[in-house]
Amino acid sequence: MLAAVSYLLVDGAVSFLFYYSVLPFFAALPLFPVFYRRICRRQVIRRKETLKQQFKDCLRSVAGALRAGYSMEHAWQEAAGDMEQQYGQDSDICRELQQMKHQLMCNVPLEQLVEDMGRRSHIEDMEQFGEIFSFARRSGGDFIAIISNTVTQLTDKMELQREIEISLSARRMEQRIMNIVPLFILGFMRFSSGGFLDALYHNPIGIAVMTGCLMIYAGALLWAEKLIQIEV
């Protein structure tokens with residue numbers, strides 16, 4: 001619903017400022033799935049970052065339970081309680097751990113559950129941990145060292161990502177301002193000196209010029225967004 005309302009507002013603003021007509025508004029409605037996929041992609045990225053943070057804290061809890069003498073299965077169950085207190089029952093990590101707990105009661109091997117969780121998360125660090133954990137369970141290994149090493153790597157990556165985000169925060173603000181400046185200028189000219197832009201509306205040449213400007217503007221938005229996306 002939020003994506004639909006946002007798209008209608010953007011579509012309406014573009015139709016008014018670039019074409020001063022309702023026909024482009026209805027013509028652009030079929031493009032909503034493209035806009036919606038971009039919104040979903042951003043939400044997925046945020047959700048992955050949140051899950052990565054939760055997974056790191058979960059592993060830290062598992063390592064603490066193992067040091068206290070718990071078995072591997074009970075250590076993950078103890079971590080489920082800790083994550084529920086820290087993030088709440090509706091968090092992604094708690095749902096995963098609750099599902100894991102139920103499947104353990106059905107005698108599903110723990111290494112299979114951890115590997116499956118990493119694979120479904122589509123997060124590289126979780127996938128690698130699941131594979132290493134599964135191999136170590138079959139061949140034997142120092143699980144405390146494996147988990148501690150994974151926590152250290154996750155922490156280092158997240159700290160580096162945070163430093164990058166802080167250094168780019170000013171650039172992101174500049175980008176957002178520059179994104180709306182062309183629309184602001186066009187709107188200001190439309191409301192203050194509407195006759196100045198009449199030659200660009202309701203005629204083939206004007207429509208072609210405004211369409212070209214719109215495509216350049218959209219390309220600049222996509223390029224600016226790509227420039228400030230740095231993944232670790």
Side-chain angles (χ1 to χ4, degrees), residues 1-15 17-18 24-59 83 87-99 114-131 150 153-184 211-232:
M1 292 296 295
L2 181 61
V5 173
S6 300
Y7 183 76
L8 290 176
L9 293 175
V10 172
D11 189 12
V14 170
S15 300
L17 294 176
F18 284 85
F25 175 82
F26 293 105
L29 289 179
L31 296 178
F32 172 71
V34 178
F35 179 82
Y36 181 69
R37 282 195 296 269
R38 290 186 61 82
I39 295 294
C40 290
R41 195 178 300 117
R42 291 180 182 178
Q43 294 296 329
V44 166
I45 293 174
R46 294 192 188 103
R47 192 172 180 181
K48 282 184 177 181
E49 291 299 322
T50 301
L51 179 58
K52 191 186 297 185
Q53 174 67 44
Q54 295 172 354
F55 182 69
K56 182 194 72 173
D57 294 336
C58 175
L59 290 184
M83 294 302 98
Y87 293 108
Q89 294 181 350
D90 295 331
S91 61
D92 290 332
I93 191 65
C94 286
R95 291 179 179 177
E96 290 289 341
L97 294 176
Q98 287 298 325
Q99 181 180 353
V114 175
E115 190 173 6
D116 179 65
M117 179 176 62
R119 184 170 54 253
R120 288 185 293 103
S121 69
H122 299 288
I123 298 175
E124 183 180 0
D125 294 306
M126 293 180 63
E127 291 179 10
Q128 292 178 354
F129 174 79
E131 294 172 358
T150 303
Q153 291 181 355
L154 285 173
T155 302
D156 292 342
K157 283 188 176 182
M158 294 176 71
E159 287 296 329
L160 179 58
Q161 187 69 43
R162 188 176 295 110
E163 291 178 3
I164 294 175
E165 292 294 330
I166 293 174
S167 63
L168 289 178
S169 59
R171 296 292 177 264
R172 290 184 187 277
M173 181 60 65
E174 293 175 3
Q175 179 211 2
R176 291 169 184 159
I177 295 174
M178 294 302 297
N179 286 348
I180 63 174
V181 165
L183 298 179
F184 176 79
T211 301
C213 292
L214 179 60
M215 293 178 64
I216 294 174
Y217 175 59
L221 293 181
L222 296 176
W223 188 28
E225 184 178 351
K226 188 175 183 179
L227 284 176
I228 60 174
Q229 286 182 350
I230 301 177
E231 296 183 3
V232 180

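Since the structure is predicted, the reported quantities are computational estimates derived from the model, not experimental observations.
- The distance from the CE atom of Met158 to the NZ atom of Lys52 is 7.0 Å, given to the nearest 0.5 Å.
- Distance check, rounded to the nearest 0.5 Å: SG of Cys94 to OH of Tyr87 gives 9.5 Å.
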> Taking it one step at a time, do His122 and Val44 satisfy side-chain contact (heavy atoms from CB on, under 4.5 Å)?
Replying inline: CA-CA 10 Å; His122 299 288; Val44 166; over 6 Å; no
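- Here CD1 of Ile166 is found 7.5 Å from CZ of Arg162. Values are rounded to the nearest 0.5 Å.
- In terms of heavy-atom proximity, Asp11 sits nearest to Ala28 at OD1-CB, 3.4 Å.
- Between the CZ atom in Arg47 and the CD1 atom in Ile45 there is a gap of 14.0 Å [rounded to 0.5 Å].
- Counting heavy atoms of neighbouring residues, nucleotides and ligands inside a 6.0 Å radius, atom CZ of Arg120 exceeds 12 of them.
- A donor-acceptor contact closer than 3.5 angstrom links the side chains of Gln128 and Glu124.
- Considering every non-hydrogen atom in both Phe32 and Ala4, the closest pair reads CE1-CA, 3.5 Å.
- The two atoms that bring Ile93 and Met83 nearest to each other are CG2-CB, 4.1 Å, heavy atoms only.
- In this structure a side-chain-to-backbone donor-acceptor pair under 3.5 Å is present from Ser121 to Gly118.
- The closest side-chain heavy-atom distance from Ile39 to Tyr7 is not below 4.5 Å.
- One finds the CD atom of Glu163 at 10.5 Å from the CD atom of Gln161 (value rounded to the nearest 0.5 Å).
- In this structure, CE on Met126 lies 8.5 Å from SG on Cys58, to the nearest 0.5 angstrom.
- Counting heavy atoms from C-beta on, the side chains of Asp92 and Glu96 never come closer than 4.5 Å.
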> What's the verdict on side-chain contact (heavy atoms from CB on, under 4.5 Å) for Gln98 and Arg95, showing C-alpha distance, side-chain angles and the deciding distance?
Replying inline: CA-CA 5 Å; Gln98 287 298 325; Arg95 291 179 179 177; 5.8 Å; no
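- Closest heavy-atom contact between Ala3 and Tyr36: CB-CD1, 3.8 Å.
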>> Set out, in order, the CA-CA distance, both residues' side-chain angles and the distance that settles salt bridge (charged side-chain N to carboxylate O under 4.0 Å, His left out) for Glu49 and Arg46, then state yes or no.
In response: CA-CA 5 Å; Glu49 291 299 322; Arg46 294 192 188 103; over 6 Å; no
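- Listed by first and then second residue, the salt bridge (charged side-chain N to carboxylate O under 4.0 Å, His left out) pairs involving residues 24-42 are Arg38-Glu225, Arg42-Glu225 (not counting sequence neighbours).
- Between Val14 and Phe25 the shortest side-chain heavy-atom distance does not fall below 4.5 Å.
- The heavy-atom pair separating Ser91 from Gly88 by the smallest distance is OG-O, 2.9 Å.
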> Yes or no on side-chain contact (heavy atoms from CB on, under 4.5 Å) for Leu183 and Leu17, after CA distance, side-chain angles and deciding distance?
Replying inline: CA-CA 7 Å; Leu183 298 179; Leu17 294 176; 4.0 Å; yes
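- With a 4.5 Å cut-off on side-chain heavy atoms, Ile177 and Met173 count as touching.
- For the pair Ser15 and Pro24, the tightest heavy-atom approach, listed with the atom from each and the gap, is OG-C, 3.5 Å.
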> Between Leu154 and Phe129, is a side-chain contact (heavy atoms from CB on, under 4.5 Å) present by the stated rule, with each step listed?
Replying inline: CA-CA 11 Å; Leu154 285 173; Phe129 174 79; over 6 Å; no
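- Around the CZ atom of Phe184, the shell of radius 6.0 Å holds no more than 12 heavy atoms that belong to other residues, nucleotides or ligands.
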